[in-house]
Trainee: 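Take this structure first; my questions come after.
Each residue takes its place number in the sequence, starting with 1. No hydrogens, no waters, no symmetry mates; every other heavy atom, side chains included, goes into these values.
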Amino acid sequence: MKFRPLHDRVLVKRVDQEEKTAGGIIIPDTAQEKPMEGKVVAAGSGSKAEDGTVTPLDVKKGDSILFGKWSGTEVKVDGDDLLIMKESDILGIIE
């Protein structure tokens, strides 16, 4: 299935988090916090103003980003757990 977000929405795949601490302790799935870092899988065309002009998004496919802990809506696309969120939920791009 192909999926293209509309307007100012972005489709994000979370980056896998370490399952061990620096000391070597394995953290079970139930105790792990969800990572706040991800990679943009797809991005919409931009937000439309009232006069019809489109403002393009600052993020693009392939960008590594940081987002808020409770940002986005979890969706399943082609068996992958992804997040869809507005560009305003993104805190910044990791360079």
Trainee: Apply the test side chain to side chain contact (heavy atoms under 4.5 Å, CB included) to residues Asp81 and Glu74: give CA-CA distance (whole Å), side-chain angles for both, the deciding distance (0.1 Å), then the verdict.
Mentor: CA-CA 7 Å; Asp81 290 325; Glu74 293 183 357; over 6 Å; no
Trainee: Starting at CD of Glu87, measure out to OG of Ser47 and round the result to the nearest 0.5 Å.
Mentor: 7.5 Å
Trainee: Is Ile93 reachable from Val12 through a run of hydrophobic residues whose side-chain heavy atoms are each under 4.5 Å from the next?
Mentor: yes
Trainee: What heavy-atom pair brings Lys39 and Gly62 nearest, and what distance separates the two atoms?
Mentor: NZ-O, 3.6 Å
Trainee: Roughly how far, to the nearest 0.5 Å, is the CZ atom of Arg9 from the CG atom of Asp89?
Mentor: 9.5 Å
Trainee: Under a 4.5 Å side-chain heavy-atom rule over Ile, Leu, Val, Met, Phe, Trp and Tyr, are Phe3 and Leu82 clustered together?
Mentor: yes
Trainee: Are the charged groups of Lys60 and Asp63 less than 4.0 angstrom apart, N to O?
Mentor: yes
Trainee: Work out which heavy atom in Glu37 is nearest to a heavy atom in Phe67; give both atom names and the distance.
Mentor: C-CE2, 3.7 Å
Trainee: Report the distance from atom OG of Ser71 to atom CD1 of Ile90, rounding to the nearest 0.5 Å.
Mentor: 8.5 Å
Trainee: Identify which one of Val40, Val41, Val77, Leu83 satisfies the side-chain contact (heavy atoms from CB on, under 4.5 Å) criterion when paired with Lys13.
Mentor: Val41
Trainee: Can you tell me how far apart CG (Asp8) and NZ (Lys48) are? Round to the nearest 0.5 Å.
Mentor: 12.5 Å
Trainee: Determine whether more than 12 heavy atoms belonging to other residues, nucleotides or ligands lie under 6.0 Å from atom CG of Asp58.
Mentor: no
Trainee: Please report the interatomic distance CG(Leu6) to CD1(Ile84), rounded to the nearest 0.5 Å.
Mentor: 7.5 Å
